[in-house]
Amino acid sequence: MSTDPRRDLGAALRRWAGSGVGVVRVLDRHGFGSVESGQLVAGTAGGETAGVLYRGALDDSVLPLAAAAAARPQTAKAHVAERNALAAGLACAGGATLLGHPLPAALAEALGAALEEARPAALLSSLDGSAALVLTGPDLQHRIGELAAPEAVEAARGLLRRGATTTEIVGDVLVDLWVPVPSVLVVGSGAIGEALLAQAALLGWSGRSVSEVDEAVAAVEAFTEADVVVLLDHAPKFDAVLIAGVRRGRGFLGGLGSRRTQAARRERLLAAGLTEAELATIHGPVGLDLGARTPAETAVSIVAEVLAARSGRAATALGASAGRIGG
């Protein structure tokens, strides 16, 4: 089962949709260390709130803003000192520019339903919060709202294909995209599979193991962008799982095995009709080159590659990168 807290936030949005909802989002931030994208707090004029932003460290600013935002858009700046940041579980001090704005009933209902039901969703708004748009559906094809922002809409759909929750500014539009928490499908059995499911659980991901081809193919054919399959079994009959995944065109496809195993599998997949471009979507041997030796270390290398792929990162050392730490 997923432990995604966004489901509770979605339920609250739906509950309050008819009585006026304000939302608080992050326009900009500095510091705090590694923090998740897609931070959102919703509130009512009466002071009810749902969601959390930076582990509650900014609540003194966020909660009043959420209540006020139910009536009109506004921005606020907030700062957290080192001591308070550490007490909240953040890595260091930091500051943020917050945007609070109303979320009309139809948008609150649509966004709430998508979050509660663990479906992809995006909230787009002008930087001053005066207009907003919600996108939902497997390809974000459903639009609710009046914001005219075609470039930002296409950007949100492109970000969805990367499979990771993110917050971006596209032109003069703030884009928050929420992708459901990954579900890991392990095909095969053994110590590596057990370690991988344990690692997934540690990250708050759901996961399960299957050993039958038909069950695995059916699961992969129903994949969303966030889902992950790791093929442990080297038997040729399980090639059907990867073929189904490639043709579905969604999710992360990985196959364990030696380079000899990978080469033999590659020849079989080419013979089955996959193209070189399609083969390139399969991660094999799956995992980053971390020098892993044990099943637990191998599991870490696999989820690390999944995270890098979902974020569109090259998986280099932070010390060798000039990009923002933590997304």
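Heavy-atom basis, side chains included; hydrogens, waters and symmetry copies ignored.
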Engineer: Would you say the side-chain atoms of Glu305 pair up with the backbone N or O of Gly287, donor to acceptor, closer than 3.5 Å?
Structural biologist: yes

Engineer: Determine, using the 4.5 Å side-chain heavy-atom cutoff (strictly less than), whether Val230 and Val210 are members of one ILVMFWY cluster.
Structural biologist: no

Engineer: Test your reading of the model: is there a side-chain donor-acceptor pair from Glu109 to the backbone of Leu13, 3.5 Å cut-off?
Structural biologist: no

Engineer: Can a donor-acceptor pair be found, under 3.5 Å and without considering hydrogens, that links the side chain of Trp16 to the backbone of Thr44?
Structural biologist: no

Engineer: Can you tell if the side chain of Asp139 reaches within under 4.5 Å of the side chain of Arg250, non-hydrogen atoms only?
Structural biologist: yes

Engineer: Side chain to side chain donor-acceptor pair (under 3.5 Å) between Ser301 and Thr298: does it pass, once the steps are laid out?
Structural biologist: CA-CA 5 Å; Ser301 79; Thr298 301; 5.3 Å; no

Engineer: Should Asp128 and Pro73 count as side-chain neighbours, where that means a heavy-atom distance under 4.5 Å?
Structural biologist: no

Engineer: For Leu269 and Asp239, what are the C-alpha separation, side-chain angles and deciding distance, and is it a side-chain contact (heavy atoms from CB on, under 4.5 Å)?
Structural biologist: CA-CA 7 Å; Leu269 292 174; Asp239 292 350; 3.9 Å; yes

Engineer: Less than 4.5 Å apart, side chain to side chain, heavy atoms only: is that true for Asp8 and Glu116?
Structural biologist: no

Engineer: Are the side chain of Arg208 and the backbone N or O of Val184 linked by a donor-acceptor pair below 3.5 Å?
Structural biologist: no

Engineer: Are side-chain heavy atoms of Leu242 and Val220 found at a separation under 4.5 Å?
Structural biologist: no

Engineer: Determine yes or no for a side-chain-to-main-chain donor-acceptor pair under 3.5 angstrom, with Glu151 supplying the side chain and Gly171 the backbone.
Structural biologist: no

Engineer: CZ of Arg72: more than 12 outside heavy atoms within 6.0 angstrom?
Structural biologist: no

Engineer: Are any of the side-chain heavy atoms of Leu197 and Ser209 separated by less than 4.5 Å?
Structural biologist: yes

Engineer: Short question: side chain of Ser126, backbone of Ser130 - any donor-acceptor pair under 3.5 Å?
Structural biologist: yes

Engineer: Are side-chain heavy atoms of Arg143 and Thr136 found at a separation under 4.5 Å?
Structural biologist: no

Engineer: Should the ring pair His283 and Phe252 be called parallel, tilted or perpendicular, given that the plane angle runs from 0 to 90° and is split at 30 and 60?
Structural biologist: parallel

Engineer: Do the side chains of Arg266 and Glu276 get nearer than 4.5 Å, heavy atoms only?
Structural biologist: yes

Engineer: Applying the salt bridge (charged side-chain N to carboxylate O under 4.0 Å, His left out) test to Glu117, which of Arg6, Arg14, Arg7 qualifies?
Structural biologist: Arg14

Engineer: Do Gln199 and Val300 make a side-chain contact, defined as non-hydrogen atoms from C-beta onward lying under 4.5 Å apart?
Structural biologist: yes

